[in-house]
Asks: 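I have a structure here, written as structure tokens, and I will follow up with some questions on it.
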Amino acid sequence: MSNTPTTETKPSTHPSTFSIVIPNWNGAKFLPTCLDSLARQTYPHLEIIIVDNASHDGSQALIKKQFPSVLLLELPENRGFTGACNVGMQVAQGEYVALLNNDTEVDPGWAAAVVDAFQRHPEVGFVASKMLLFDRRDHIHTAGDFFTLDGRAGNRGVWQKDDGQFDREEHVFSACGGSSVYRKAMLDHIGLLDDDFFFSLEDVDLGWRAQLAGWRCLYTPAAIVYHHLSATGGGVTASYHDGRNLIFVLVKNYPTALWRKYGGQVLRAQFRLAWEALRAWRGAAARARLRGMMAGLWYTPRMWRKRQDIQRRRKVSIEYIESLLAPAQE
């Protein structure tokens, strides 16, 4: 197998449609800021799709009245981040498909910067933006995602003051789902988000599948997004899904050769998370994370069946995958 990815596409010679899928659940108070910022984009070829998860705060009426050019897809029940995004991606017509949180504001040059990055790098299947905190715009939420050898996912630069340390364009492991952009050709190749995740770490899971299949992720600092962190999600529910879905990611994607080499470190990291949850047992979020971890183990056979297909499709070497992973956090 190749030590470097070989998957690439031919640069487009015509203006490319940029599709933006926004999942929404009771986000009416955030939508005007998000959609107004998209209206100010310097890149003109936009398709905006909002997939509503059965909101009960008037979101649908607001969209129809104030933003009639937006394609609104109304779901009969809450299908989570993954379900809503998958519905939107299935109808998107663009060569590039973005997933954008409803509680964001994008810089006017965001879409243009992303399209430019794709066109300069045909080997790139997905692009990560520079996400800054909405209320502290000199602080970083994420400059792309990382994954460690001991099986932990994280945001590069999270909580750091933005002093230019992430102003270089570079390859990263994956892109935060709150502002990730995917080449349609890559999604056609590896599939959409895994609906079993509902939300949390679904972006990292897709990143694993993409990297194993030979696609690369590029972080471009020119694509700037401001984010109300956990404004429409989080809490106990998020803790449950964080605990469960990290186990899903590891079972599905972490290659066998790396399990042999680093499996002890991965298991110790999971035990530490479980021990921390037990020590904080009186906290609802800690109990939820522990329940999530137990649910992840319960669903291991289901994830193992998916693993077989994912690992069979791997096109890159183990050495290349190992080079993408950050040092263990022990």
Side-chain angles (χ1 to χ4, degrees), residues 4-5 7-8 21 23 81-82 85-86 89 96-101 104 114 117-118 121 123-131 140-158 166 168-187 189-194 196-197 199-221 223 225 227 241-242 245-255 258 266 303 306-307 310-311 313-316 318 320-329:
T4 56
T7 300
E8 63 177 42
V21 176
F81 185 86
T82 58
C85 288
N86 284 343
M89 286 191 285
Y96 313 115
V97 182
L99 303 181
L100 186 66
N101 277 11
T104 57
V114 171
F118 274 121
H121 295 275
E123 83 284 0
V124 163
F126 51 139
V127 168
S129 301
K130 175 190 273 190
M131 295 188 76
I140 295 169
H141 173 202
T142 178
D145 289 346
F146 65 84
F147 201 90
T148 65
L149 289 167
D150 63 344
R152 306 285 292 273
N155 303 129
R156 292 197 322 149
V158 65
F166 294 104
R168 184 182 68 173
E169 192 170 80
E170 56 189 317
H171 292 104
V172 295
F173 185 80
S174 62
C176 174
S179 63
S180 53
V181 190
Y182 305 109
R183 199 183 291 273
K184 182 64 159 54
M186 187 190 82
L187 296 175
H189 179 202
I190 68 169
L192 305 179
L193 300 177
D194 186 338
D196 281 336
F197 280 60
F199 84 95
S200 179
L201 295 174
E202 73 294 316
D203 47 2
V204 174
D205 174 70
L206 192 148
W208 263 106
R209 288 186 279 130
Q211 294 285 4
L212 289 167
W215 295 94
R216 303 195 79 178
C217 182
L218 184 74
Y219 161 72
T220 182
V225 179
H227 183 212
H241 286 94
D242 287 347
N245 291 355
L246 182 55
I247 292 176
F248 284 2
V249 168
L250 290 167
V251 173
K252 287 178 62 181
N253 301 295
Y254 204 77
L258 295 185
V266 173
M303 296 302 117
K306 296 182 181 185
R307 173 189 178 84
I310 292 167
Q311 299 301 321
R313 292 169 177 262
R314 177 168 63 87
K315 290 185 177 181
V316 296
I318 293 297
Y320 172 73
I321 292 296
E322 186 175 6
S323 74
L324 294 175
L325 303 181
Q329 295 185 338

Asks: Taking all non-hydrogen atoms of both residues, which atom of Val249 and which atom of Leu201 are closest, and how far apart?
Replies: CG2-O, 4.0 Å
Asks: Listed by chain and number, what are the ring-ring contact (aromatic ring centres under 6.0 Å, His included) partners of Phe248, not counting sequence neighbours?
Replies: Phe197
Asks: Hey, is the main chain of Tyr320 close enough, under 3.5 Å, to the side chain of Glu322 for a donor-acceptor pair?
Replies: no
Asks: Any side-chain heavy-atom pair from Met303 and Ile247 closer than 4.5 angstrom?
Replies: no
Asks: Once salt bridge (charged side-chain N to carboxylate O under 4.0 Å, His left out) is applied, what residue pairs with a partner in residues 209-219 remain, sequence neighbours excluded?
Replies: Asp205-Arg209
Asks: Looking only at heavy atoms, which two atoms of Val266 and Leu149 are closest? And how far apart?
Replies: CG2-O, 3.6 Å
Asks: For side chain to side chain contact (heavy atoms under 4.5 Å, CB included), just list the numbers for Leu99 and Asp203, CA-CA rounded to whole Å, side-chain angles, deciding distance to a tenth of an Å, and then say yes or no.
Replies: CA-CA 10 Å; Leu99 303 181; Asp203 47 2; over 6 Å; no
Asks: Please check this pair: side chain of Asn245 against backbone of Phe199, looking for a donor-acceptor N/O pair closer than 3.5 Å.
Replies: yes
Asks: Side-chain donor-acceptor contacts of residues 170-180 below 3.5 Å, not counting sequence neighbours, with atom names and distances?
Replies:
from	atom 1	to	atom 2	distance (Å)
Glu170	OE1	Arg168	NH2	3.0
Glu170	OE2	Arg156	NH1	3.2
Glu170	OE2	Arg156	NH2	3.4
His171	NE2	Glu123	OE2	3.3
Ser180	OG	Tyr182	OH	3.0

Asks: Would you call Gln311 and Leu212 a side-chain contact if the rule is heavy atoms closer than 4.5 Å?
Replies: yes
Asks: State which residues pass ring-ring contact (aromatic ring centres under 6.0 Å, His included) with Tyr219; sequence neighbours excluded, sorted by chain then number.
Replies: none
Asks: Has Arg307 got a side-chain atom pairing as donor or acceptor with Tyr254's backbone, closer than 3.5 angstrom?
Replies: yes
Asks: Please give me the minimum heavy-atom distance between Arg183 and Phe118, naming the atom from each residue.
Replies: NH2-O, 3.1 Å
Asks: Answer whether the closest heavy-atom distance between the side chains of Lys252 and Trp208 falls below 4.5 Å.
Replies: no
Asks: Output all residues satisfying salt bridge (Lys or Arg N to Asp or Glu O under 4.0 Å) with Lys306, sequence neighbours left out; order by chain, then residue number.
Replies: Asp194, Asp196
Asks: Between Leu250 and Phe147, is there a side-chain heavy-atom distance shorter than 4.5 Å?
Replies: yes
Asks: Is there side-chain contact between Asn101 and Phe81, with at least one heavy-atom pair below 4.5 Å?
Replies: yes
Asks: Measure the shortest side-chain to side-chain distance between His121 and Val127 over non-hydrogen atoms and say whether it is less than 4.5 angstrom.
Replies: no
Asks: Please tell me if the side chains of Phe126 and Cys217 come closer than 4.5 Å, counting only heavy atoms from C-beta onward.
Replies: yes
Asks: The criterion is ring-ring contact (aromatic ring centres under 6.0 Å, His included); which residues satisfy it with His141, sequence neighbours excluded?
Replies: His227
Asks: Assess the residue pair Thr82 and Leu192 against the criterion (side chain to side chain contact (heavy atoms under 4.5 Å, CB included)); give the C-alpha distance rounded to whole Å, side-chain angles, the decisive distance to 0.1 Å, and a yes or no.
Replies: CA-CA 9 Å; Thr82 58; Leu192 305 179; over 6 Å; no
Asks: Minimum heavy-atom separation for Ala117 to Leu218, with atom names?
Replies: CB-CD2, 3.9 Å
Asks: Nearest heavy-atom pair of Thr148 and Ala328: which atoms, and what distance?
Replies: CB-CA, 4.5 Å
Asks: What's the verdict on side chain to side chain contact (heavy atoms under 4.5 Å, CB included) for Ile140 and Val158, showing C-alpha distance, side-chain angles and the deciding distance?
Replies: CA-CA 5 Å; Ile140 295 169; Val158 65; 6.0 Å; no
Asks: For residues Leu193 and Cys85, report the shortest heavy-atom separation together with the two atoms involved.
Replies: CD1-CB, 3.7 Å
Asks: CD1 of Ile190 to CG of Leu206: how many Å apart, nearest 0.5 Å?
Replies: 4.0 Å
Asks: Do Ile321 and Gln211 come within less than 4.5 Å of each other through their side chains, counting heavy atoms only?
Replies: yes
